[in-house]
Amino acid sequence: MFFVAVFAQTADETKLTETMKEFHQALVKQNTVAINQQTDKALSYGHSNGWIQSKKDLIKDFERGYISYQSFKEDSITVTMNENMANVRFVADITATLNGTTTVNNYHLKVLEVWVKKSKRWVLFARQATKG
């Protein structure tokens, strides 16, 4: 006997997953306009080393070149919906430079992002990463 489980994403889950990936690519492209549009004004953006950025800090750090992402790849994505809120968990492989240095850092992280649906679009409310 074989048992096959098929998990189909809802339209909301599909849209959220697309939005999440677009946000991560906006980080790589340092597209502060897109980052501003895709994040909540009360954003809490937590890094694996304990560093926490507000929305203002996140955008400012891109503008002044403090952080630069070279790549951001997600794997093992799970989405849990609760009306106009959702949490997204995934494993991320990220390369980035800090403080204007040329030293590229590679990170393998487990990430939790909390997204909120406002009007008809999803915005990132909170993010926390841990070393994976």
Pairwise side-chain contact, [X] with [Y], heavy-atom cut-off 4.5 Å (strictly under):
{"X": "Ser44", "Y": "Ile52", "answer": "yes"}
{"X": "Val104", "Y": "Thr95", "answer": "yes"}
{"X": "Val79", "Y": "Thr17", "answer": "yes"}
{"X": "Phe90", "Y": "Met20", "answer": "yes"}

Separation between [atom1] of [X] and [atom2] of [Y], rounded to the nearest 0.5 Å:
{"X": "Thr80", "Y": "Glu13", "atom1": "OG1", "atom2": "CD", "answer": "8.0 Å"}
{"X": "Arg127", "Y": "Asn87", "atom1": "CZ", "atom2": "CG", "answer": "14.5 Å"}
{"X": "Ser71", "Y": "Gln25", "atom1": "OG", "atom2": "CD", "answer": "8.5 Å"}
{"X": "Lys15", "Y": "Lys120", "atom1": "NZ", "atom2": "NZ", "answer": "12.0 Å"}
{"X": "Asp61", "Y": "Ser68", "atom1": "CG", "atom2": "OG", "answer": "12.0 Å"}

Nearest non-hydrogen partners of [X] and [Y], listed with the distance:
{"X": "Val123", "Y": "Thr39", "result": "CB-C, 4.1 Å"}
{"X": "Ile67", "Y": "Tyr69", "result": "CD1-OH, 3.7 Å"}
{"X": "Phe62", "Y": "Gln30", "result": "CD2-CG, 3.7 Å"}
{"X": "Thr19", "Y": "Trp115", "result": "CG2-CZ3, 3.8 Å"}
{"X": "Asp40", "Y": "Lys55", "result": "O-CD, 3.4 Å"}

Does the side chain of [X] pick up a donor-acceptor pair with the side chain of [Y] at under 3.5 Å?
{"X": "Thr130", "Y": "Ser48", "value": "no"}
{"X": "Glu113", "Y": "His24", "value": "yes"}
{"X": "Gln128", "Y": "His47", "value": "no"}

* Asked: Can Asn84 and Lys118 be said to form a side-chain contact (heavy atoms from CB on, under 4.5 Å), step by step?
  -> CA-CA 8 Å; Asn84 68 333; Lys118 293 191 172 186; over 6 Å; no
* Linked, directly or transitively: Ile94 and Leu112 (ILVMFWY side chains, under 4.5 Å) -> no
* Begin with the C-alpha distance, continue with both residues' side-chain angles, and end with the deciding distance and a verdict on side-chain contact (heavy atoms from CB on, under 4.5 Å) for Val28 and Gln70. => CA-CA 6 Å; Val28 172; Gln70 285 72 49; 6.0 Å; no
* **side-chain contact (heavy atoms from CB on, under 4.5 Å) assessment of Phe125 paired with Leu43** => CA-CA 5 Å; Phe125 181 76; Leu43 176 69; 5.9 Å; no
* Go through the steps to decide whether Thr102 and Thr97 satisfy the test side-chain contact (heavy atoms from CB on, under 4.5 Å), and finish with yes or no. => CA-CA 6 Å; Thr102 57; Thr97 57; over 6 Å; no
